Amino acid sequence: DTGVSQNPRHKITKRGQNVTFRCDPISEHNRLYWYRQTLGQGPEFLTYFQNEAQLEKSRLLSDRFSAERPKGSFSTLEIQRTEQGDSAMYLCASRKAELITDTQYFGPGTRLTVL
Amino acid sequence: GESVGLHLPTLSVQEGDNSIINCAYSNSASDYFIWYKQESGKGPQFIIDIRSNMDKRQGQRVTVLLNKTVKHLSLQIAATQPGDSAVYFCAESESQGGSEKLVFGKGMKLTVNP
């Protein structure tokens, strides 16, 4: 257990529905990252925050995706009008920028299945 | 549960043997490299990292080697144990380049036979 928690762990939804995932990073970690992982592949970067500011977004993050970190602590990732291609594991990671290490610590992920 | 290792290259070793997992990275500007271990249904777990100003780093039972000339990274696991069975990913980033993203390799599934 790295200390990064994600909820829910599993989500099954029907195509066209909206879903929201939550990530709670390690306490005092000011940087928070979202990745997506499909079966048999490595995680792919989606976006990251420093405190409450969203500083980088991948082109994978279509306009149906939105991420927030309103108070610089937990973050939410919302997918609107889900499509079957959104089925994947959504991973959150965090790190403390002031530390010399750049290691990102990952949570257990939220497995999304879109029917 | 779902299989992280579906369709991945596989390395099978006997318990007690040494394992070597290789990774080729693509970005010559990458200056920070990490190995992660991922078990089925779990998030990636940090194993060891190395910066580009080093060519070798050792941890407990693990060693990472970096060859910048050919953009190659390897993970050596000594005395492999059944608990080491998992999918292993290398990841790279330009830590000084302003981008925070980790770029992951394809992954290797390690199976340790008792």
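To find a chain, count down the sequence lines: A is the first, B the second, and so on, and within it residues start at 1. All of these numbers come straight from a predicted model, not from anything done at the bench.
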Cluster question for you: counting only ILVMFWY and a side-chain heavy-atom cut-off of under 4.5 Å, with indirect links fine, are [X] and [Y] together?
| X | Y | result |
| --- | --- | --- |
| Leu46(A) | Tyr33(A) | no |
| Leu75(B) | Tyr25(B) | yes |
| Phe33(B) | Trp35(B) | yes |
| Tyr105(A) | Phe49(A) | no |
| Leu66(B) | Val103(B) | no |

- Item | pair Phe106(A)-Phe46(B): side-chain heavy atoms closer than 4.5 Å |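 The answer is no, as the side chains (C-beta and beyond) never meet within the 4.5 Å cut-off.
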
- Residues forming a salt bridge (charged side-chain N to carboxylate O under 4.0 Å, His left out) with Arg31(A), sequence neighbours excluded: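 Result, salt bridge (charged side-chain N to carboxylate O under 4.0 Å, His left out) vs Arg31(A): Glu100(B).
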
- Query: For the residue pair Thr103(A) and Ile34(B), what are the closest heavy atoms and their distance?
  - Reply: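 Minimum heavy-atom separation between Thr103(A) and Ile34(B): CA-CD1, 4.3 Å.
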
- What's the verdict on ring-ring contact (aromatic ring centres under 6.0 Å, His included) for Phe45(A) and Phe104(B), showing C-alpha distance, side-chain angles and the deciding distance? CA-CA 9 Å; Phe45(A) 172 80; Phe104(B) 283 77; over 10 Å; no

- Item | Interface residues of residues 57-64 of chain B facing chain A - non-hydrogen atoms under 4.5 Å apart |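 Hits under 4.5 Å: none found.
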
- List in chain and number order the residues that pass side chain to side chain donor-acceptor pair (under 3.5 Å) with Thr80(B), two or more places apart in sequence or in another chain; answer none if no residue qualifies.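 Partners of Thr80(B) by the side chain to side chain donor-acceptor pair (under 3.5 Å) criterion, ordered by chain and then number, come out as Ser19(B).
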
With a 3.5 Å cut-off and sequence neighbours excluded, list the donor-acceptor pairs that the side chains of residues 11-23 of chain A form with protein atoms.
from	atom 1	to	atom 2	distance (Å)
Asn18(A)	OD1	Arg81(A)	N	2.8
Arg22(A)	NE	Asp24(A)	OD1	2.8
Arg22(A)	NH2	Asp24(A)	OD2	3.0

Can you tell me how far apart [atom1] ([X]) and [atom2] ([Y]) are? Round to the nearest 0.5 Å.
| X | Y | atom1 | atom2 | value |
| --- | --- | --- | --- | --- |
| Gln104(A) | Tyr32(B) | CD | OH | 8.5 Å |
| Glu56(A) | Lys101(B) | CD | NZ | 6.0 Å |
| Gln38(B) | Leu91(A) | CD | CG | 6.5 Å |

- Query: Under 3.5 Å, is there a donor-acceptor pair between the side chain of Arg9(A) and the main chain of Gly41(B)?
  - Reply: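 Checked: pair present.
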
- Message: Is it the case that the side chain of Tyr35(A) and the backbone of Leu102(B) share a donor-acceptor pair, with hydrogens and angles ignored and the cut-off at 3.5 Å?
- Response: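 Present.
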
